[in-house]
Asks: 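Mind looking over this structure? Questions follow.
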There are 4 protein chains.
Amino acid sequence: MNKIIFLIQSDDQKGLLAQITGYFYRKGFNILHCQQHTDLRAKKYYMRLELDLSDLSSSRTDLREDFAVFAAERGLIWSCDFSDTTRRVALMVSKTSHCLYDLITRHKEGDIHCEIPLIISNHPDLEYVAHQFKIPFFCLPVDPKQKQLQEQQVIDLLRRHHIDLVVLARYMQILTPDFINAYQGRIINIHHAFLPAFQGANPYLRAYQRGVKMIGATAHFATEDLDQGPIIEQDVVRVNHELSPAGLKKVGKDVERMVLSRAVQAHLEQRVIISGNRTVVFPNEH
Amino acid sequence: MNKIIFLIQSDDQKGLLAQITGYFYRKGFNILHCQQHTDLRAKKYYMRLELDLSDLSSSRTDLREDFAVFAAERGLIWSCDFSDTTRRVALMVSKTSHCLYDLITRHKEGDIHCEIPLIISNHPDLEYVAHQFKIPFFCLPVDPKQKQLQEQQVIDLLRRHHIDLVVLARYMQILTPDFINAYQGRIINIHHAFLPAFQGANPYLRAYQRGVKMIGATAHFATEDLDQGPIIEQDVVRVNHELSPAGLKKVGKDVERMVLSRAVQAHLEQRVIISGNRTVVFPNEH
Amino acid sequence: MNKIIFLIQSDDQKGLLAQITGYFYRKGFNILHCQQHTDLRAKKYYMRLELDLSDLSSSRTDLREDFAVFAAERGLIWSCDFSDTTRRVALMVSKTSHCLYDLITRHKEGDIHCEIPLIISNHPDLEYVAHQFKIPFFCLPVDPKQKQLQEQQVIDLLRRHHIDLVVLARYMQILTPDFINAYQGRIINIHHAFLPAFQGANPYLRAYQRGVKMIGATAHFATEDLDQGPIIEQDVVRVNHELSPAGLKKVGKDVERMVLSRAVQAHLEQRVIISGNRTVVFPNEH
Amino acid sequence: MNKIIFLIQSDDQKGLLAQITGYFYRKGFNILHCQQHTDLRAKKYYMRLELDLSDLSSSRTDLREDFAVFAAERGLIWSCDFSDTTRRVALMVSKTSHCLYDLITRHKEGDIHCEIPLIISNHPDLEYVAHQFKIPFFCLPVDPKQKQLQEQQVIDLLRRHHIDLVVLARYMQILTPDFINAYQGRIINIHHAFLPAFQGANPYLRAYQRGVKMIGATAHFATEDLDQGPIIEQDVVRVNHELSPAGLKKVGKDVERMVLSRAVQAHLEQRVIISGNRTVVFPNEH
């Protein structure tokens with residue numbers, strides 16, 4: 001069944017739920033699923049609605065324009081997506097294959113709904129993975145002296161391929177503010193630590209040195225501040241004194257791939273609202 | 001803030017969400033929180049609504065009678081509770097104190113909102129716990145030949161104390177159908193295994209013999225069929241070959257108390273709908 | 001560093017640890033790691049020893065023959081493996097690719113140490129996966145009337161390829177006792193439920209019907225009794241009322257792949273001792 | 001069965017395991033359990049041995065003196081404890097009862113083996129808990145201008161009661177170096193965050209602001225550097241956008257009590273070795 005998905009946020013207002021559901025009822029829509037959260041502390045209202053696309057009696061543009069008027073009167077920030085429109089995702093990697101393999105095998109198995117028109121790397125190492133799955137691979141090495149030149153090439157590729165979402169699947173480069181601003185809220189990074197612990201480089205070595213009893217990973221939207229963007233998903237795994245930094249790294253790979261793929265799925269299923277430096281992630285249903 | 005909580009279930013119908021939220025909007029209510037689930041497979045609709053009690057402009061009886069008319073027209077099964085009405089909970093135990101201590105210390109700390117007017121046991125062993133917390137304790141031993149006699153004494157106590165919920169906090173007796181029917185959907189039991197595995201007696205010994213790598217606990221509504229009632233909450237803990245049956249039992253205690261207290265809290269917060277042999281448990285928010 | 005790994009089990013005897021470690025000390029070995037477990041209840045002794053291979057001053061055959069004498073005097077059941085000897089693993093699949101992809105990408109990334117000389121399936125569907133990773137693929141369909149004929153072909157392939165371990169990575173066929181006896185203790189199966197719950201067919205549908213709040217997966221050695229063999233690894237994931245049987249199946253895939261790969265790794269790292277219908281799985285260290 | 005427990009650490013040396021087990025074999029001891037870890041990176045050797053106390057043929061002092069000679073020749077750092085000697089534990093609290101209740105009910109149920117001769121607090125709030133369980137309660141308020149005066153009173157109490165272990169069960173005061181040095185390696189603190197994330201004050205508020213998807217707790221030995229001591233145990237729980245700081249605090253209480261009680265049990269069962277700023281925590285067996 002194809003669906004229309006609305007994500008809505010606004011200041012909290014009395015009667016908003018009734019007004020919004022009433023709006024769609026009058027338009028002849030069956031609401032398949034309604035998820036709603038009111039942050040009483042911040043006086044903020046968040047909502048996700050799934051409508052049955054087959055109830056749509058106008059053009060999609062008309063729906064958007066009509067809702068825009070309704071939304072403007074109430075100060076709603078909103079987006080509207082159609083589940084029959086496939087998002088286009090670019091994967092960016094360096095030398096480690098585990099997150100890359102995880103995402104593309106899930107995609108192949110039909111568990112991540114998107115297109116993956118290209119893989120971009122600053123190293124040639126993972127070209128064979130792209131070949132195995134017949135995905136175009138672009139190797140764009142970074143010259144530290146001319147970092148922005150490479151970034152411009154990357155942005156050109158993303159634009160030419162009409163990319164909606166950039167996934168940094170262990171792409172070990174810091175992006176410039178220009179890049180991040182060009183894809184605000186559309187770059188998901190995986191950090192190999194349980195943020196805010198062990199921000200920055202070598203988290204597994206630092207986890208070993210600190211003697212923590214669990215290690216984790218964090219998927220977040222990339223922002224100008226390194227490892228500071230809104231968190232989408234986190235998870236951890238228990239470790240013990242027997243594991244060396246290399247052992248932690250190996251064990252951590254499983255957490256990294258799980259966390260990143262859950263975050264990408266949440267975003268592609270229109271379940272994530274960014275609100276300041278926090279996210280509202282509505283749980284999935286099938 | 002005091003709240004009115006509606007739990008609603010019905011066959012799925014187009015426009016139900018808009019109609020229900022519209023109903024409360026017209027009555028002047030702010031909907032603080034709306035949780036909704038449609039089981040597309042079973043064509044069932046489930047809903048939980050939190051309203052601001054201070055918006056109530058009629059008597060509580062009037063609200064109930066008025067909504068009853070609205071609900072009857074649409075075939076809704078529903079309940080309406082007020083958060084300023086405290087539920088009265090009876091704890092039933094045998095000889096093991098861990099679940100009992102857990103529930104009454106949470107109650108003492110203000111994390112479980114209810115009254116606990118009495119503790120009932122078939123053994124005298126835990127009277128000292130009741131004394132510590134100044135809760136009336138009734139010891140009603142079970143004579144296997146006259147089981148129903150004791151049950152009648154229990155029911156008399158429950159009625160005299162206006163009990164809303166019976167929690168079997170490791171009460172190692174099988175209840176008769178008469179008892180269960182008298183408190184249908186209002187008896188929560190903790191089984192010390194991950195149901196449906198290890199139903200019945202000695203689950204830890206059987207878990208040891210089977211060599212499982214995790215053990216669990218299950219909180220469910222008691223029904224006529226032993227360990228078959230609707231499950232409210234489950235959890236597990238990792239174990240290994242080093243643990244004897246006694247070791248499993250000790251480790252399992254933590255899972256038992258967590259699972260039972262979460263189930264009791266969910267029920268007391270009006271977050272559980274029973275639907276056939278399954279439950280809908282809406283997540284908590286604070 | 002290359003290692004010699006001894007797995008030892010016997011009835012418990014006073015001084016066994018000192019005698020065994022003393023034996024290797026006299027032979028000039030440094031014991032890198034010693035893991036030991038005494039089941040006081042069953043009066044059984046289990047041990048895993050890692051020795052530094054570079055300390056070996058005789059031939060491997062001499063070591064085995066010499067230790068055999070020592071072991072016979074004490075009634076030890078034992079095995080001796082060398083970490084520079086790579087095990088040969090056959091993967092058997094049907095139509096679902098998630099466990100297959102998981103195992104071969106981990107292998108490719110160097111996290112599972114073995115050779116995978118062939119993939120065997122009763123269906124042609126996953127041949128493309130074998131092609132992607134350049135692994136020979138054999139499609140041997142099962143004729144229900146002549147099941148043993150196909151099994152004989154499978155066994156011939158396993159023998160010709162000198163297979164040490166057979167991994168049933170969602171191979172949806174029941175093996176005959178002849179097959180199982182030919183590879184006793186060397187066939188690992190993944191069952192898509194938390195055994196002993198939901199043995200047999202359609203576990204996700206039955207989990208949905210029972211309304212469980214967690215679903216799981218179990219990796220075990222295949223024995224003549226379906227889903228009854230010694231358990232190597234289990235894990236679970238939390239689910240809720242929103243998930244249909246298809247949703248449970250999708251969520252369960254992650255547990256299946258994690259559990260199976262952990263079990264295979266434990267076996268390949270010589271960390272698993274089978275003892276009756278239970279296993280001793282020594283934790284890994286790196 | 002009563003046991004002698006040796007904890008041993010040293011620089012790694014060839015043959016150490018054989019020499020140590022041989023030593024106890026010659027003394028006529030049955031080794032019930034041997035746990036051993038070699039940190040190849042740091043070239044450190046760690047060991048825990050459980051001996052059957054009934055095998056002891058000399059006085060305890062003789063055993064210690066004899067082993068001291070053996071240990072000195074090899075540079076071993078070691079401790080020797082007897083399971084029939086009960087440790088004496090002081091609980092220090094402020095105003096929150098959940099960790100206190102958890103520890104004393106576990107103690108009451110026989111799951112934590114120690115004596116609890118007294119509870120010390122800087123506030124009178126929890127005196128009723130001490131009364132319920134008939135444990136002497138000492139209220140020693142802190143005058144910020146004369147902090148050391150109160151600490152001296154605490155230390156006097158600890159000494160007079162022959163305290164072996166101090167558990168800071170949400171004692172919201174920073175201890176002076178003098179106090180910490182007097183009980184080096186014998187003060188366990190619970191921090192209500194997943195260290196090293198959210199060190200210091202108000203971790204739940206900061207977790208809310210950062211928008212983390214899991215919160216945790218950490219039990220560690222107190223050292224002069226706040227929240228920097230060797231970690232004994234950590235755990236986490238999943239949270240979401242619906243939880244306010246107060247909601248996080250409530251959910252976090254369960255993690256705090258579990259983590260603290262596991263750490264205290266590990267220490268009391270002689271399973272913890274401190275090594276620099278890290279710990280080796282040997283798993284428990286029953």
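Residue numbers start from 1 in every chain, and the chains themselves are labelled A, B, ... in the order their sequence lines are given, proteins ahead of strands.
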Asks: Check whether Asp52(B) gets within reach of chain A through its side chain, its backbone, both or neither, counting any heavy atom under 4.5 Å.
Replies: neither

Asks: Under the criterion side-chain contact (heavy atoms from CB on, under 4.5 Å), which of Leu16(B), Leu17(B), Ile31(B), Ile20(B) is the partner of Thr21(A)?
Replies: Leu17(B)

Asks: Is it the case that more than 12 heavy atoms not belonging to Lys253(B) sit under 6.0 Å from its NZ atom?
Replies: yes

Asks: Does Lys14(A) reach the main-chain N or O of Phe29(B) with its side chain, forming a donor-acceptor pair under 3.5 Å?
Replies: no

Asks: Look only at the side chain of Thr38(B) and the backbone of Leu32(A), and say whether a donor-acceptor pair between them is shorter than 3.5 Å.
Replies: yes

Asks: Tell me, out of Gln19(B), Gln13(B), Arg41(B), Met1(B), who's got the most heavy-atom pairs with chain A below 4.5 Å.
Replies: Gln19(B)

Asks: What are the two closest heavy atoms between Ala18(A) and Tyr25(B), and how far apart are they?
Replies: CB-CB, 3.4 Å

Asks: How many angstroms lie between NE2 in His37(B) and SG in Cys34(A), if you round to the nearest 0.5 Å?
Replies: 13.5 Å

